[in-house]
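Position 1 is the first residue of the sequence; numbering continues from there.
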Amino acid sequence: PRPDTTGQRIKDLPLQLACAMLNQRLSRMARVEDCAFQGAAVSTEELFQTAELFNMGVNAAPEKWQQAMEAALLELRRACRYGFAPAELNEIAAQVRASYKKQINSWETTNAADMADNLIASISGNEQMTTPAEDLRVFELGLARIMQNPELCRKALEQAFDSARAKLMLTGAKVDG
């Protein structure tokens, strides 16, 4: 497993922000009436501390699954090729910053059960437990690096979604009739 260090968190930030920006796009697309999918999102995860996975989930009516998958993949490929607008990065950065500030404001009133849950999650996830203030400090360090070179987000997404290694898994409910 990768060590949970400030440097690693800063290194991981471009992909985290790229996923958030792409999810924002996909969410906006899903709200348009004639969109083929009802919802779509991308994420990354570490599998058994041995492999990094890039996931894309698409929710669609059964008869539109193929068009939905094509539409979501097209937007993913577009983001990999062209990246993101400065406004998209600014919007996500503001959302993340606001979330950290909210956590900082409620830190003093965190109850023991929530603190224990956070500690257990950090141990089981091989992560260092840090305060929201420290998380915000590290975020701002990483964001400053990204603001100097926004292309880092596009490159991280492109590397995570290596279509030569991509596998497709379809799941869904059986439709009667």
**OP:** Would you name the heavy atoms of E151 and R154 that are closest together and state the gap between them?
**Re:** OE2-NE, 2.5 Å
Original post:
Can a salt bridge be assigned to the pair E134 and R137 using a cut-off of 4.0 Å between side-chain N and carboxylate O?
Top reply: yes
**OP:** For E70, check side-chain hydrogen bond (donor to acceptor under 3.5 Å, both in side chains) against everything at least two apart and list the hits.
**Re:** none
Original post:
Is the closest basic N to carboxylate O distance between R97 and E140 below 4.0 Å?
Top reply: yes
Original post:
Can you name the closest pair of heavy atoms from L17 and C153 and give their distance?
Top reply: CB-SG, 4.2 Å
Subject >> Side-chain heavy-atom pair L89, F84 within 4.5 angstrom cut-off >> reply: no
Subject >> From L73 atom CG to R78 atom CZ, the distance as rounded to the nearest 0.5 Å >> reply: 12.0 Å
Subject >> salt bridge (charged side-chain N to carboxylate O under 4.0 Å, His left out): pairs with one or both residues in residues 83-94, sequence neighbours excluded >> reply: R25-E88, R28-E91
Subject >> Any side-chain donor near an acceptor of the partner, T5 and R9, under 3.5 Å >> reply: no
Subject >> Pairs satisfying ring pair (Phe, Tyr, Trp, His ring centres under 6.0 Å), at least one member in residues 133-158, at least two apart >> reply: Y100-F139
Subject >> CE-CG distance between M29 and L22, expressed to the nearest 0.5 angstrom >> reply: 9.0 Å
Original post:
Which value, rounded to the nearest 0.5 Å, describes the distance between Q103 atom CD and D135 atom CG?
Top reply: 7.0 Å
**OP:** Mind checking the CD-CD1 spacing from Q16 to I146? Nearest 0.5 Å is all I need.
**Re:** 8.5 Å
Original post:
Is any side-chain heavy atom of V58 less than 4.5 Å from a side-chain heavy atom of M56?
Top reply: yes
**OP:** Of all the heavy-atom pairs spanning F37 and A72, show the shortest one and how long it is.
**Re:** CE2-N, 3.9 Å
Original post:
What is the distance from atom CD of Q38 to atom CG of N59, rounded to the nearest 0.5 Å?
Top reply: 5.0 Å
Original post:
So which residues get pulled into L141's cluster when ILVMFWY side chains under 4.5 Å apart are joined, directly or through others?
Top reply: I10, V138
Original post:
Can you find a heavy atom in the side chain of L157 that is under 4.5 Å from one in the side chain of L15?
Top reply: yes
Original post:
In the hydrophobic clustering (ILVMFWY, side-chain contacts below 4.5 Å, transitive), which residues join V32, or is it alone?
Top reply: none
**OP:** Provide the closest heavy-atom pair for L26 versus A40 in the form atom of the first, atom of the second, distance.
**Re:** CB-O, 3.6 Å
Original post:
For the atom pair SG (C19) and CD (Q24), what is the distance rounded to the nearest 0.5 Å?
Top reply: 13.0 Å
**OP:** Mind running side-chain contact (heavy atoms from CB on, under 4.5 Å) on K101 and V96 for me, showing each step along the way?
**Re:** CA-CA 9 Å; K101 288 182 179 181; V96 173; over 6 Å; no
Subject >> For Q95, all residues meeting side-chain hydrogen bond (donor to acceptor under 3.5 Å, both in side chains), sequence neighbours excluded >> reply: none
